[in-house]
Amino acid sequence: MLAKKYEAISVENDHGITWLMINRPDKRNAMSPQVHLEMDEVLDELAVDPQTEILVLTGAGNQAFSAGQDIKLYFRANAGNAAARHKLRRASNNWRWQKLSGFPKPTIAMVNGYCFGGAFTQVCACDFALAADDAMFGLSEINWGILPGGIVSWNVAQTLNYRDALYYAMTGDSFDGKQAKQMGFVNFSYPKERLREETIKLAKKLMEKSPAALRYTKEGIRAVRFMNEPQAADYLNAKSDALRYNDKENSREEGMKQFLDEKSYRPGYGHFKRKRASA
Ligand code: COA
């Protein structure tokens with residue numbers, strides 16, 4: 001699938017689902033400079049990889065999604081090197097936010113264990129987040145004397161409610177997957193042994209739907225959050241037209257035909273039978 005071999009990350013594809021993992025389990029999948037540079041590169045490849053229909057981001061091993069930035073290799077090792085810091089900060093923000101939040105296919109963060117500090121950004125960037133009940137989340141920056149930087153504070157200010165954002169950022173207390181679900185930080189939490197199977201179920205559900213409609217829907221929801229009503233109405237009209245023009249599967253016509261003419265499904269109960277463009 002991919003020509004290049006990566007070291008600090010790993011990529012596996014299984015029936016349309018690409019499992020993208022930080023691969024440093026011994027370091028609780030903390031994000032080293034190499035993780036950032038490799039992620040920044042691979043996401044461009046996966047964005048146009050035909051085998052990647054759904055992207056699942058997770059951590060290798062059974063313990064950690066990611067323990068955040070590698071305090072030794074990301075922070076301390078580059079403390080006196082402004083050029084390296086600049087390059088790494090850009091790569092780090094690029095993949096965790098710009099490339100993931102703008103990824104053209106559905107993305108799922110599967111939080112299988114520790115999730116600290118900088119790792120909150122990629123959880124927020126993914127379209128969906130599923131956690132193990134016993135996953136451990138924490139804005140631990142305050143515990144070692146810094147603030148949630150990068151764009152973590154901006155992410156949690158948008159995704160958590162105001163009180164929770166301040167509470168967890170200022171106390172450094174952790175919360176588990178069940179609490180993350182209650183707070184709306186993740187969509188669902190499951191016993192750890194079911195997490196992967198539930199992730200696959202969600203991925204398969206998404207694969208039944210029109211890829212173009214999914215892409216335009218996620219882009220629409222993300223964009224209108226920052227618009228007023230007239231701007232949103234105008235944008236969504238244009239977006240709908242663009243979708244009809246760009247949808248190679250002609251989903252809208254197919255969906256209407258199967259409901260109105262063939263009476264083979266009801267949109268309120270489920271999805272029409274997708275006709276893949278290549279079929
Ligand atoms: N940066 C650098 N190294 C890290 C790391 C991080 N964020 N998180 C874990 N590691 C390293 C540890 O230093 C240790 O390395 P060693 O084996 O060379 O000593 C190894 O990973 C295992 O970590 P350990 O602390 O022994 O595992 P644990 O299961 O007892 O605890 C954590 C796991 C995640 C709770 C703990 O490692 C931790 O608090 N990490 C820091 C989390 C953090 O504050 N992240 C925010 C950064 S922005």
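Residues: numbered from 1 along the sequence shown. Both counts, for ligands and for their atoms, begin at 1 and track the order of listing.
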To atom 31 (O) of ligand 1, the nearest of Phe116, Trp144, Tyr114 on a heavy-atom basis is Tyr114
So, are [X] and [Y] salt-bridged, with charged N and O less than 4.0 Å apart?
X      : Y      : value
Asp247 : Arg252 : no
Glu53  : Lys105 : no
Glu254 : Lys275 : yes
Arg24  : Asp70  : yes
Lys4   : Glu38  : no
Glu219 : Arg222 : no

Considering the heavy atoms of Ile71, write down every atom of ligand 1 situated less than 4.0 Å from one of them.
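In order of number, 1 (N), 2 (C), 6 (C), 7 (N).
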Within ligand 1, which atoms have a heavy atom of Ala30 less than 4.0 Å away?
1 (N), 5 (C), 6 (C), 7 (N)
Tell me, which protein residue and heavy-atom name are nearest atom 12 (C) of ligand 1, and how many Å apart are they?
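Closest protein heavy atom to atom 12 (C) of ligand 1: Lys27 CD, 5.0 Å.
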For atom 45 (N) of ligand 1, closest protein heavy-atom neighbour
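Nearest protein contact, heavy atoms only, for atom 45 (N) of ligand 1 is Ala67 O, 2.8 Å.
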What do you reckon, does [X] have a nitrogen or oxygen under 3.5 Å from a nitrogen or oxygen of ligand 1?
X     : answer
Arg28 : yes
Gly68 : no
Gln69 : yes

Do any heavy atoms of Asn143 fall under 4.0 Å from ligand 1?
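Under 4.0 Å: no for Asn143.
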What do we get for Asp26 next to ligand 1 when only non-hydrogen atoms under 4.0 Å count, side chain, backbone, both or neither?
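Under 4.0 Å from ligand 1, Asp26 contributes backbone atoms alone.
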How does Ser140 reach ligand 1, if at all, at less than 4.0 Å between non-hydrogen atoms: by side chain, backbone, both, or neither?
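Side chain only; the backbone of Ser140 stays clear of ligand 1.
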Cationic tip of Arg196 within the cone over Trp19's six-membered ring, i.e. under 6.0 Å and within 45° of the normal?
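Yes.
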Would you compute the distance between atom CD of Gln179 and atom CZ of Phe137 and round it to the nearest 0.5 angstrom?
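Going from CD on Gln179 over to CZ on Phe137, the span is 10.0 Å.
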